[in-house]
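Scroll down for the structure; my scribbles are underneath it.
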Amino acid sequence: MIESNFTLTLNAEEHELLNTALVHLLDAAEEMHYFDTEIEDNPRIETLRQLRNRSVALWVQRFDKEV
């Protein structure tokens with residue numbers, strides 16, 4: 001896999017939808033954890049968490065610049 005930065009230009013509505021989708025995916029993963037304890041150790045879940053955290057941080061920066 002090529003490990004380089006990926007740039008994706010999103011408008012505010014698209015960015016909000018992406019953040020919402022990431023939160024819903026992680027919520028679903030937490031619900032599934034009650035049925036399968038191996039989910040917590042899944043590296044893809046941790047990658048989703050990192051992606052969500054970065055996306056939310058960029059969301060905050062987006063609106064901090066407008067103030």
Side-chain angles (χ1 to χ4, degrees):
M1 177 184 295
I2 299 172
E3 296 289 335
S4 61
N5 288 332
F6 178 68
T7 303
L8 181 62
T9 304
L10 299 172
N11 66 34
E13 184 179 5
E14 293 166 336
H15 197 168
E16 181 180 15
L17 185 60
L18 176 64
N19 288 345
T20 301
L22 289 168
V23 168
H24 284 297
L25 283 170
L26 287 167
D27 286 348
E30 287 180 17
E31 289 292 323
M32 292 303 297
H33 176 65
Y34 292 115
F35 301 107
D36 184 356
T37 57
E38 292 181 14
I39 288 178
E40 188 66 28
D41 298 330
N42 187 327
R44 290 182 178 178
I45 301 298
E46 183 55 34
T47 301
L48 273 176
R49 282 189 187 107
Q50 292 171 5
L51 181 58
R52 181 214 38 214
N53 293 343
R54 289 176 65 191
S55 185
V56 169
L58 288 171
W59 178 259
V60 170
Q61 284 179 357
R62 166 181 234 142
F63 290 101
D64 280 349
K65 290 179 182 178
E66 289 186 11
V67 174

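Note that the structure is predicted; figures quoted are calculated from it, not measured.
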**Report entry** Same apolar cluster (I L V M F W Y, side chains within < 4.5 Å links), L25/L8
**Finding:** yes
Query - Test side chain to side chain contact (heavy atoms under 4.5 Å, CB included) applied to N19 - qualifying residues, sequence neighbours left out - result: H15, S55, V56, W59
**Report entry** Residues that L26 engages under side chain to side chain contact (heavy atoms under 4.5 Å, CB included), provided they are two or more places apart
**Finding:** I45, L48, R49, R52
Query - Verify same cluster id: F6, L18 (apolar side-chain graph, 4.5 Å) - result: yes
Requested in this report: Examine L10 and L22 and state if one hydrophobic cluster contains both, with Ile, Leu, Val, Met, Phe, Trp and Tyr joined whenever side-chain heavy atoms are less than 4.5 Å apart.
Outcome: yes
**Report entry** Test side chain to side chain contact (heavy atoms under 4.5 Å, CB included) applied to T47 - qualifying residues, sequence neighbours left out
**Finding:** none
Query raised in the report: If you draw a 6.0 Å radius around CD in Q50, do more than 12 non-hydrogen atoms from other residues or ligands fall strictly inside?
Result: yes
Query raised in the report: When you measure from the side chain of E14 to the backbone N and O of N11, does any donor-acceptor pair fall under 3.5 Å?
Result: yes
